[in-house]
Amino acid sequence: PDLSDSGHVAYVTKNEEVGASSDIFVYHDGVTQQITNDSFEDVAPQVNSKREVAWITISGPEMGVNYIDGKEIRHIADFASDSFYLFPHPLDINESGQVAWSVSSVGGANGTFLFDGSQTIKLSDSNRPDREPHLNASGQVLGKQFRLRLMKSFSTMVLRLRGSILDLT
C-alpha cells in the first residue's frame, strides 16, 4: 500500500472472481474507488495527493507500467517479464504526476525511466542495475546502483538529471 500527503491510500486486493488476479483501489475520506477490474495481476501502487496512481500490471510473461490521472488509465511502458524484472520498490510518483521506475534484465540491460506526463523517457542505460528510484517535484530521480567488488555487494546513490548522472558516493 501507499499513502499520499493528503491521505489517499492506494492498495491491492486479490480478485477472487478472476483466479490469480489482483486489483488496485484508492481510499480517501471514507470513500473507496476501484481503479482496476481486470484479469491481470495489478501490483505495487503509488499514489499522490491528486489521486493520480501508478502501478505495475503482470499478464503472463508480460509486464507493464500503468498510470491514471484521476480519469483515464494510460499504459506507459511494456516489458517482457521473462527478460526483465522490476525491483521491490519499483515506482515513485510525484505531485506533478511524473512517474519513475527502474528495470533490470537477466542479460544486463538496465535502465531508469521517467514518465513526464506525456512521454516516457529513458534516463539511463547503465551496465549496473538501478534500484528503488525516488522522484522529487522537479522530476529529478535518485536511485541506488548495486556494485559487486571482491565478492561483496554495496550500493551507491545516483542522481539522474535527464541525461546526466551525479554519483553521490
Side-chain angles (χ1 to χ4, degrees), residues 1-81 83-105 110-124 129-144 158-162:
D2 189 38
L3 175 66
S4 76
D5 291 339
S6 64
H8 291 89
V9 178
Y11 62 96
V12 176
T13 62
K14 183 170 172 52
N15 187 338
E16 300 293 337
E17 297 174 6
V18 190
S21 76
S22 56
D23 291 313
I24 306 293
F25 292 80
V26 174
Y27 171 85
H28 187 254
D29 286 338
V31 177
T32 300
Q33 179 184 9
Q34 187 169 0
I35 303 297
T36 63
N37 185 13
D38 53 39
S39 61
F40 308 124
E41 187 177 355
D42 299 312
V43 297
Q46 296 290 301
V47 63
N48 66 16
S49 295
K50 297 177 186 174
R51 203 186 56 81
E52 296 168 318
V53 183
W55 69 94
I56 296 170
T57 295
I58 303 168
S59 175
E62 303 297 318
M63 296 175 73
V65 178
N66 293 296
Y67 163 81
I68 186 168
D69 60 7
K71 300 174 195 156
E72 177 185 357
I73 294 177
R74 295 177 64 183
H75 192 70
I76 58 177
D78 283 308
F79 305 101
S81 62
S83 300
F84 291 88
Y85 57 93
L86 300 173
F87 287 101
H89 300 283
L91 303 171
D92 197 12
I93 187 168
N94 65 14
E95 293 303 312
S96 300
Q98 297 172 315
V99 181
W101 66 94
S102 295
V103 173
S104 180
S105 77
N110 305 299
T112 299
F113 296 83
L114 174 70
F115 173 69
D116 67 3
S118 62
Q119 64 180 336
T120 297
I121 303 160
K122 188 170 187 179
L123 297 177
S124 72
D130 289 340
R131 298 184 185 195
E132 301 176 22
H134 297 280
L135 178 63
N136 71 10
S138 300
Q140 297 170 322
V141 180
L142 177 67
K144 292 181 185 177
V158 179
L159 181 62
R160 300 205 177 276
L161 308 169
R162 288 193 190 221

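When a residue number appears, it is its place in the shown sequence, counting from 1.
Expressed to the nearest 0.5 Å, how far CD1 of Ile93 lies from CG of Asp2 amounts to 9.0 Å. Thr112 contributes atom OG1, which lies 13.0 Å from atom CD1 of Ile121 (distance to the nearest 0.5 angstrom). Here the straight-line distance linking atom CD of Glu52 with atom CD of Gln46 works out to 13.5 Å at 0.5 Å rounding. Here the straight-line distance linking atom CG of Asp92 with atom NE2 of His134 works out to 6.5 Å at 0.5 Å rounding.
In this model, a donor atom of one side chain and an acceptor atom of the other lie less than 3.5 Å apart for Thr36 and Asp23.
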Could you walk me through whether Asp42 and Thr57 pass side-chain hydrogen bond (donor to acceptor under 3.5 Å, both in side chains), step by step? CA-CA 4 Å; Asp42 299 312; Thr57 295; 2.8 Å; yes
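Residues Ile24 and Val12 have side chains in contact (heavy-atom distance under 4.5 Å, counting atoms from C-beta outward). Side-chain contact between Ser22 and Glu41 is present, with at least one heavy-atom pair separated by less than 4.5 Å. Looking only at side-chain heavy atoms (C-beta outward), Phe40 and Ser21 stay at 4.5 Å or farther from each other. Contact check for Trp101 versus Ile76: side-chain heavy atoms found under the 4.5 Å cut-off. In this structure the side chain of Val99 never reaches within 4.5 angstrom of the side chain of Leu114, judged on heavy atoms. Between Phe115 and Arg74, the closest side-chain pair of non-hydrogen atoms falls below 4.5 Å. Lys50 is not listed as a side-chain neighbour of His8, based on a closest heavy-atom distance of 4.5 Å or more. Inter-residue side-chain proximity for Val65 and Leu91 is flagged as met; some heavy-atom pair is nearer than 4.5 Å.
With sequence neighbours left out, Thr13 forms a side chain to side chain contact (heavy atoms under 4.5 Å, CB included) with Tyr11, Phe25. For the side chain to side chain contact (heavy atoms under 4.5 Å, CB included) test, residues two or more places apart in sequence or in another chain that qualify with Asn94 are Ser96, Gln98, Leu135. Partners of Ser118 under the side chain to side chain contact (heavy atoms under 4.5 Å, CB included) rule, at least two apart in sequence or in another chain, are Asp116.
The shortest heavy-atom contact between Val43 and Trp55 is O-CB, 3.4 Å. Between Ser6 and His28, the shortest heavy-atom distance links the atoms O-NE2, 3.0 Å.
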